[in-house]
Chemist: 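Quick one: the structure is below, and I'll ask about it shortly.
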Amino acid sequence: MDAFMTEVVAKYNYWIYVILMMIGFYAMIGKRNLVKKLLGLNIFQTAIILLFISAGVKRGGGIPIVDKHAALEHGVHAAQTVNPLPHVLMLTAIVVSVSVTGVALAVLLRIWREYGTLEEDEILEKLSQ
Amino acid sequence: MKKLALLATIVTGALLIYGVQDFAPWGDPDAPASRHLSPHYIEKAVEETHVPNLVTAVLGDYRGYDTMFETVVIFCAGMAVVSVLRRPKS
Amino acid sequence: MMDQRTESCDIIIRMTVRIMMPFIQLFGLYVIVHGHYSPGGGFQGGVILGAAYIMLSIAFGLKDSTRYLSEKANAVMGSIGPMIFVGVAIVCALVGGLFLDYSALDKIIPLGPIEWRSMGIFLVEVGVGLAVMNIMLSLYWDLASNGEMEEGL
């Protein structure tokens, strides 16, 4: 029981991201409305971003902005600063997710213009006519 | 159909939670993610680029190629939206 | 000239936007140029600058807001952004360094190779900021007006 509790305390954040990812994944494959699918995609991306950010956390580490003169004189110790690499990767991932959302909304607007609906089965019905 | 989707979601979630066992604990300074490349960035970035914000240093210099094509990605997204939606006044 | 009913908002909102606008843009520029020393950089500052123009087009109506930044100018500025980035990278290669190795720019203006790596990041961030600002604005314009640029939200 004690070992299980240590495991929970050490890794509960990953479990939260898995649950968030499950919500997004279900919205992507289970819903019939295309806008809901897009919202699911965004929730999924949020889960991935949170996972990466929390992979870079170091207990007791400060923000990845250091004092220039102190760093040039004494150097920086790697344990004092959180890992900047996931932050960089996720900064670009956020911008890509905005681009994906924009393009997806544009395509949805075009589908709306063409078919007058965003429900998947109604679009399929109109396509098969 | 919805039951199938729910089943697939739960199976994926269970597999991921099973995989989480091998992750390093949260905030562990010796996690594999913080041991390989990032100590070099943290310790050498200020010396090599004179930029105190390590995120900017890695974004603009060490991983400039990544950022460059990322700018191209947003540019392509903007062009795609304009070419899909824009229409002249009727 | 201005269709009061559909196009523009209340006078209080318009006045507030008019006053806020330069401060928001100044803050966006600050975030871009101060990205070396504080949280910030091209992406964040570009989004703030884009949000300022989006606010303008919500408050004044989409058609009137294009008087301040026309569609053509927006497209040109959005293309200049990536060109600055790629241009800096190519100039680095042309003067004898590697692609995107900013320290090679020392041969054009002698500032010292390490200072040039810092300056090169700044140039690149300006390009990223321009691109992000104009692409965000054109995403909003086309999505809000359904591609017609007649009236926004």
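Naming convention: chains lettered A, B, ... in sequence-line order (proteins, then strands); numbering from 1 in each chain.
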Chemist: Any chance you could measure A:L105, atom CG, to C:D142, atom CG, to the nearest 0.5 Å?
Modeler: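 Here the rounded value is 12.0 Å.
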
Chemist: Looking at A:W112, I'd like to know if its CH2 atom is crowded, meaning that more than 12 non-hydrogen atoms belonging to other residues, nucleotides or ligands lie closer than 6.0 Å.
Modeler: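 Atom CH2 in A:W112 is not packed in, count stays at 12 or less.
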
Chemist: Using a 6.0 Å cut-off, check whether atom NE2 of C:H34 has over 12 heavy atoms from anything other than its own residue.
Modeler: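 Enclosed: over 12 neighbouring heavy atoms sit under 6.0 Å from NE2 of C:H34.
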
Chemist: Other residues, nucleotides and ligands only: do more than 12 of their heavy atoms fall within 6.0 Å of CD1 on C:I12?
Modeler: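 Atom CD1 in C:I12 is not crowded, with 12 or fewer foreign heavy atoms closer than 6.0 Å.
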
Chemist: Do you know which two heavy atoms are closest between A:L91 and C:Q44, and how far apart they sit?
Modeler: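 Nearest pair, atom of A:L91 first, then C:Q44: CD1-NE2, 3.6 Å.
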
Chemist: Side chain, backbone, both or neither: which part of C:L139 has a heavy atom under 4.5 Å from chain A?
Modeler: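 Only the side chain of C:L139 comes within 4.5 Å of chain A.
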
Chemist: So with a 6.0 Å cut-off around CE of A:M28, is the heavy-atom count from everything else above 12?
Modeler: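 Result for CE/A:M28: enclosed.
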
Chemist: Where does A:I65 contact chain C at under 4.5 Å (heavy atoms): side chain, backbone, both or neither?
Modeler: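 The side chain, not the backbone.
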
Chemist: Around atom CZ of C:F99, are there more than 12 heavy atoms from other residues, nucleotides or ligands closer than 6.0 Å?
Modeler: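 Yes.
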
Chemist: With chain C as the partner, which of A:R113, A:K68, A:R110 has the greatest number of non-hydrogen pairs under 4.5 Å?
Modeler: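 The residue among A:R113, A:K68, A:R110 with the greatest pair count is A:R113.
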
